[in-house]
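Below is one structure, written out as structure tokens; the observations come after it.
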Amino acid sequence: MSKVVFLQTMNMESETLETLGPSEFSFAITKVAVAQICQSAGFRTAQSSALETITRITTLYLQTLAKSASSRAASSGRTQSNIYDVVHALEHLSSDQGFAGASNPNGCLLASSPLLDLIKFVYSRCEIPFAKPLPRRSNLSQNLPLPQNPSNSKQSPHIPTWLPGFPDPSTYIEPKTEIPSGLNWNAEVEERKHSGNEKEKKSRLGNMELPKKRERVTFRMGEAAEAKGPRLGFRVGMKNGVCRGGKRVSWQNHNLQNSKFKRPR
Amino acid sequence: MNQNQGGNDARHDDDSALSDFLASLMDYTPTIPDELVEHYLAKSGFQCPDVRLIRLVAVATQKFVAEVASDALQQCKARQSAVVKDKRDKQQKDKRLILTMEDLSKALRECGVNVKHQEYFADSPSTGMDPASRDE
């Protein structure tokens, strides 16, 4: 396991920072900050696996604090968190180890002991500013204006205007030449016959229309089918699939009446 | 009535102490930079226009990491004091305080985080095994 000197971490990371992706970038910066904190605690070097572990734990702690505070705010009907949410989140995360006053639910939040410990920590420590200056991304701090869609208000007054508009209608409205499915097949076939478009009928014959007179197709179990004239036979093997073990399945009522239809696959 | 007034005074004291603290936070620069904290907060859905709260979260995280690091340091020193016999070795080892996975896992266990790491990587299942050693 390689040992990484803290100063080396800070110098190395700054060179390779530009080539990293966004999540790795934030992880690398966190690693530098955590290395600084460990150095101030008294460590000189660290195993790289240990440093990565503690960095990962730091990011998880940050995210857990934030999630806890934001869910607290959301359950109170607010979108923005305030200090009470943050203090609650702090208490929630300190409840593992316990803190003074944890058993008192009516205590004032602003006097809770995790917060007071934090205040003492800040007053007692000298500040350790971050090692390298970070490029400030001003794009992220701007609030993007919500795209207003005027067409929504005219055609669909029940839809609020601040929602994004509908996509191009051709992407979600199906053209009426689609293959119909299921139950009303015969009814739709009749409709199209009455509509009188010969070309359409012919083009769709191969797809979905079944000619009315079809040959009988028989299935025989377990033996080679004998093709007799217009009849077609299909052999159903006994050793596999449905017929495994030699049980009989009755197909007498299920003769398909078409020998020529092709199912689109 | 007196009790209520006393309670109100205490609350005002808390409020004023807290507002002083938040004002002092703006002078104090946490080790974790604000942009990084904002990134993680935005990732988790935390919205707040107040910069002081962001500093508060950053400082809380810094305190957590500092506590874990100091616990690990104590573990490291405790192990060194148990092993050391010669004075010469002690002087050498004082300079080499290394953050190891063992110390870190012991320190994190107190915070409720279970970290297990591989002690070694072996080529085959029977590497290093003898009847006296237990299976890992």
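No hydrogens, no waters, no symmetry mates; every other heavy atom, side chains included, goes into these values. Nothing here was measured: the structure is a model prediction, and the numbers come from that model. First the proteins, then the strands, lettered A, B, ... as listed; each starts at 1.
The greatest number of non-hydrogen atom pairs below 4.5 Å with chain B, out of Thr79(A), Leu60(A), Leu93(A), is found for Thr79(A). Heavy-atom pairs under 4.5 Å with chain A peak, among Ala69(B), Ala60(B), Ser44(B), Ser24(B), at Ser44(B). In terms of non-hydrogen atom pairs under 4.5 Å with chain A, the most contact-rich of Ala17(B), Ala42(B), Ala72(B) is Ala72(B). The greatest number of non-hydrogen atom pairs below 4.5 Å with chain A, out of Cys48(B), Ser70(B), Cys76(B), Ala66(B), is found for Ala66(B). For chain A, the option among Asp27(B), Leu25(B), Leu56(B), Asp50(B) with the highest count of heavy-atom pairs below 4.5 Å is Leu56(B). For the set Ile119(A), Ile57(A), Asp96(A), the count of heavy-atom pairs under 4.5 angstrom toward chain B peaks at Ile119(A). Of the listed residues (Leu65(A), Thr53(A), Asn82(A)), the one with the most heavy-atom contacts under 4.5 Å to chain B is Thr53(A).
Contacts of Asp85(A) with chain B are absent, with no heavy-atom separation under 4.5 Å from either backbone or side chain. Neither the backbone nor the side chain of Leu116(A) comes within contact range of chain B; no heavy atom of the residue lies under 4.5 Å from a heavy atom of that chain. Heavy atoms of Val115(B) lying under 4.5 Å from chain A belong exclusively to its side chain. With a 4.5 Å cut-off on non-hydrogen atoms, Phe64(B) touches chain A through its side chain but not through its backbone. If you measure heavy-atom distances from Leu90(A) to chain B, the contacts under 4.5 Å come from the side chain alone. The contact between Lys43(B) and chain A is made entirely by side chain atoms (from C-beta outward), counting heavy-atom distances below 4.5 Å.
Inter-residue side-chain proximity for Val68(B) and Thr58(A) is flagged as unmet; no heavy-atom pair is nearer than 4.5 Å. Taking 4.5 Å as the limit, every side-chain heavy atom of Ser70(A) sits out of range of all side-chain heavy atoms of Gln47(B). Contact check for Leu97(B) versus Thr45(A): no side-chain heavy atoms found under the 4.5 Å cut-off.
A side-chain contact (heavy atoms from CB on, under 4.5 Å) with Thr61(B) holds for exactly one of Val34(A), Leu62(A), Thr59(A); it is Leu62(A).
Here the straight-line distance linking atom CZ of Phe43(A) with atom OG1 of Thr100(B) works out to 7.0 Å at 0.5 Å rounding. To the nearest 0.5 Å, atom CD of residue Gln62(B) and atom OH of residue Tyr61(A) are 12.0 Å apart. From His117(B), atom NE2 reaches atom OG of Ser49(A) across 7.0 Å, with rounding to the nearest 0.5 Å. A distance of 12.0 Å separates OH in Tyr28(B) from OH in Tyr123(A), rounded to the nearest 0.5 Å. The line from CG of Leu41(B) to NZ of Lys67(A) is 12.0 Å long, rounded to the nearest 0.5 Å. The line from CG of Leu51(A) to CG of Leu99(B) is 7.0 Å long, rounded to the nearest 0.5 Å.
Applying the 6.0 Å contact sphere to CZ of Arg55(B) captures more than 12 heavy atoms from other residues, nucleotides or ligands.
Of all heavy-atom pairs spanning Phe46(B) and Val86(A), the tightest one is CZ-CG2, 3.8 Å. The two residues Ser26(A) and Tyr40(B) have their closest heavy-atom pair at OG-OH, 3.7 Å.
Within residues 103-113 of chain B, the residues that have a heavy atom under 4.5 Å from a heavy atom of chain A are Leu104(B), Leu108(B), Glu110(B), Cys111(B), Gly112(B), Val113(B), listed by number.
Side chain of Gln47(A) to main chain of Met101(B): a donor-acceptor pair is present (N/O by atom type, distance under 3.5 Å, no hydrogens or angles).
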